[in-house]
Amino acid sequence: MDQLNLIIPELFLTTSIMILLMLGVFYKNSFNLIFKLSTIVLLATFILLFNHSVDTSATLFNNSYTIDYLSLFMKALTLVACIFVMLSSFDYIKLIGINKIEYPILILSATLGMMIMISSYDLIVFYMGLELQSLSLYVLVSFNRDSYRSTEAGLKYFVLSALSSGLLLYGCSLIYGFSNSTNFDLISQNIDQFNTGSIFGIVFILVGLAFKVSAVPFHMWAPDVYEGSPTSVTAFFAIVPKVAALTVFIRFLYVPFINLVDQWQMIIIFISLASMILGAVAAIGQTNLKRLMAYSAIGHMGYALAGLATGSNEGIQSAVIYLSIYLLMNLGIFSCIFMMKRKDIFYEDIQDLSGLSKNHPIISVCLLVLLFSLAGIPPLAGFFAKFYVFMAVIKVEMYTLAIIGLITTVISAFYYLRIIKIIYFDDPKEIFEIDKNLGLKVSLFLSTIIILIYFIYPSLLIDMVSNINVI
Amino acid sequence: MNFPILSAVTFLPLIGSIFILLIRDSSEKAINNTKYVAIFTSFANFFLAIFLWFCFDTSTADFQFIENKQWVRGYFNFRFGIDGISILFILLTTFITPLCILSVINSVKERVKEFLIALLVMETLMIGVFCSLDLVLFYLFFEGGLIPMFLIIGIWGGPRRVYSAFKFFLFTLLGSVLLLIAVISIYWITGTTDITQLLEIKIPKEYQYLLWLAFFSSFAVKLPMWPVHTWLPDAHVEAPTAGSVILAAILLKMAGYGFIRFSIGLFPVASDFFTPLIFLLSIIAIVYTSLVALMQEDIKKLIAYSSVAHMGFVTVGIFTLTKQGLEGSIIQMISHGLISAALFLCVGVVYDRIHSRMISSYGGLAHITPKYAVMFMIFTLAAVGLPGTSGFVGEILILMGAFQKNILVAVLASSGVIFSAAYMLWLYKRVFFGKINNNELKKIYDLNKTEIFILSSLAFLTLFFGFYPDPLFRTIDISVSELIKNYEMNLAFYLTEAAK
């Protein structure tokens, strides 16, 4: 029983979800209370993560649930990201009228699902976490039920995601059939490199996972869902689930399938290249900021996957660093989108930013830093993120991947520059309301400042990540 | 001496810009305060750089004032240090920036505060390029300069500023991306990006060619060399005066410095192999862009094309790989830094008054603005390379170097001197002599005190180094000799290795 203390955060989160649900049902109009309590619950869960020592490495429940440094780091990242998304979206949720008690509770249960995914060491546990997360997300996407776009996005996401989950499950069953086990360790021992059936299984699983991180060619849902769902949900989508999806990617590739590197490496390289290219090219014509961020996310996942494609520990670490910095940049950008409102109407077209620098110099400087960082221009943090990835990529001599990847950064720099051009070079429009929400300001300034001064002490993040040893 | 003087020189402008950023008031008084802070910081930095020059030991070729701090753990360190070549560029940067700031205060009316911040940040990044002793650090500063320059062109530029700013940014970024790949490859090949160590480690021959090309792609765009020079005329024409000055006087020199420090220092075999390519491109640049300059109707564009031609001289000089050629190109870069800065400032003077850069809208200015005409004459002649100006010293040395190496190249390059006389003097004739045809010109007035101060300090240095270039030579002499010696030793080493 003493092993249970390793999963106290998950247990705490589960109990809190139930208690909050009861509280919400019995108290009328208690959205504010529930929302604030949920944020506190997330914070408490985050603190509880550290109730065991950082370098614990253990597996529970018949080797089906693992607690190691990777899972700890990723869970912490998920929870922190989730807290900031909650803080920054509070006003938005109330203003567009989706302040129902289910909203924070669904976010909590999605987070719980992600935590289970991150720690899963068994196909069944993994699938359970995935479904818990996906079901909560389906509802969240269509949460603004009076809006056609939101409902449409929800339906689209549901249909496509269910299909991909089906494929994933099919892959899992094939793997189970050919390796006699659902446990990651046993699969890695039993799987046969030359068996067509197990290779089919891997392909199906990779398709499902690629869908979750919105990598090309399974990215079609992302732009519609990003654009259609309420911005608070888009922010959540853009920031939080990526962590869990990437962790699962790392686990699958490097634990059960590690002996089949030659088979999956080609697939990952292709997915990565295609995502980078599409993310760079398709974003150029966009006019909606949220849609643009969707394409940008596709491109950025391409870079993270490039790190994974290397098949080395440096590669994994660089992908994790990339993800951490990317989340931070996204948080800043979405905080800015939350600030674009006049008279309680939110604007999300790029053109609405026109001449922002005249009216709102501070927000413009923040956006400037964030966008240049997304484009990967030194000395901002985004450059270091790309730098580590390409360090890993070039180390294993994948020069084609490196060259194409860096050329796509130049292409994608174009559309980030276009936004900067609109902010700084164009004529001003009407003034936006200055937001008084503290959470929003904190998340914007915090992310901007960290991005800006990251270069002073880059070793911190490297040290944190250097303990991740999956292989 | 433990005081980190190089970091101080590099980051002082940044600190100044943070102070300006903190001034949140927009009253008259606050704006004046920002101006004083900017002027004070940049001049203080200039004197600090002079002090650095005094402390600098010219009797050794080693890197001096070395600072070494752990930075990105496990990968590379933060390393600063200078030798005789870099200190001149640092001096140039710290000298030009205060003049730019003065000119901005004199002529820019809109968003002065932001402009000053951009200029000071730019100064930090530029000095950082010349100080860094680590490839990654160098790349960081080299690329970081894109951000403020993009904003300077885009916010304060002319009518086609957006196009020019994008072209400038994307051209340079595309070139630099390959540089980044090369830097990372060097790290994995040799295990370090520390320049002092890399100069001793011999990079295997088979890698050198590709790495050299990757470095070349970045520097060629930045320098710029024909045929990737097309961003430069656009950027110059649309940039505000101070932007053009920074661009011509310092940004272009970063590439020349890169060629000297990295291409020659790290890849001797490839440098030797690719010399004909460099000569070919440089000669095309000199002859072709000179002819193009002859046909320009826009004064700024003319000077921009002449910059390309002058930089063509610099690359010829560098890749003669003789002592005269290399010293000549360094002197040429410094003198071009002074002269082109002065010419752009001169154009800025009349542009501020009647808002036209077309040659045809001027004519007969010598009657109305005699002081201005004198100043412009000095710089025109310096650009032509008249003996007695700093332009002459560089050109003659480069040609001396080139004659030792390849007579054809030297002859063709010499033609550039004649061309430059043709387009510069013709420009002067059209702008300053003849009758006054344009009524607008009547309201033009002569230089004010700030402008006289800016231009005469540049003129003084141009003439001073024309008559007495010895301080420059004394500073670079040992470093250049050492560079050549190392280059020849390395080349011989690789050749004997190949013979075995």
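Labels below follow one simple rule: chain letters A, B, ... track the order of the sequence lines, proteins then strands, and each chain is numbered from 1. Note that these values count all heavy atoms, side chains included, but never hydrogens, waters or copies made by symmetry.
- We find that B:D134 and B:R79 are not joined by a salt bridge, their nearest charged nitrogen and carboxylate oxygen being 4.0 Å or further apart.
- When heavy atoms are compared at a cutoff of 4.5 Å, A:I403 approaches chain B by way of both its backbone and its side chain.
- Proximity to chain A (any heavy atom under 4.5 Å) is shown, for B:L174, by both the backbone and the side chain.
- Within the 4.5 angstrom heavy-atom criterion, only side-chain atoms of B:F169, from C-beta onward, approach chain A.
- Looking at B:V183, neither its backbone nor its side chain comes within 4.5 Å of chain A, counting heavy atoms on both sides.
- Looking only at heavy-atom pairs under 4.5 Å with chain A, the residue among B:L151, B:V72, B:I147, B:V136 that has the most is B:I147.
- A donor atom on one side chain and an acceptor atom on the other are not found under 3.5 Å apart for B:T190 and B:T192.
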Check against side chain to side chain donor-acceptor pair (under 3.5 Å), A:N313 and A:N469: CA-CA 7 Å; A:N313 231 339; A:N469 285 309; 2.9 Å; yes
Residue pair B:F141, B:C131: steps toward the side chain to side chain contact (heavy atoms under 4.5 Å, CB included) verdict: CA-CA 10 Å; B:F141 286 113; B:C131 287; over 6 Å; no
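- Heavy-atom distances place no part of A:I411 under 4.5 Å from chain B, backbone and side chain included.
- The aromatic rings of A:Y322 and A:Y326 sit parallel, their planes meeting at an angle under 30°, below the 60° perpendicular limit.
- Interface residue B:Y187: only side-chain heavy atoms are found under 4.5 Å from chain A.
- When each of B:Q70, B:R111, B:E114 is scored by its heavy-atom pairs under 4.5 Å with chain A, the top score falls to B:R111.
- Two residues are said to be in side-chain contact when any heavy atoms from C-beta on lie closer than 4.5 Å; B:W71 and A:P458 meet this criterion.
- At a 4.5 Å heavy-atom cutoff, the contact between A:F387 and chain B is made by backbone and side-chain atoms alike.
- In terms of non-hydrogen atom pairs under 4.5 Å with chain A, the most contact-rich of B:L180, B:L178, B:I189, B:L125 is B:L180.
- Between B:Y257 and B:F130, the ring-plane angle classifies as perpendicular under the 30° and 60° cut-offs.
- Ring orientation note: the planes of A:F390 and A:Y303 are nearly perpendicular, at an angle over 60° on the 30°/60° scale.
- Proximity to chain B (any heavy atom under 4.5 Å) is restricted, for A:L368, to the side chain, taken from C-beta onward.
- Within the 4.5 angstrom heavy-atom criterion, only side-chain atoms of A:F383, from C-beta onward, approach chain B.
- Both the backbone and the side chain of A:Y424 come within contact range of chain B, each with at least one heavy atom under 4.5 Å from a heavy atom of that chain.
- With a 4.5 angstrom heavy-atom cutoff, A:L460 does not touch chain B via any of its atoms.
- Checked for salt-bridge contact, A:K395 and A:E314 meet the test: a charged N lies under 4.0 Å from a carboxylate O.
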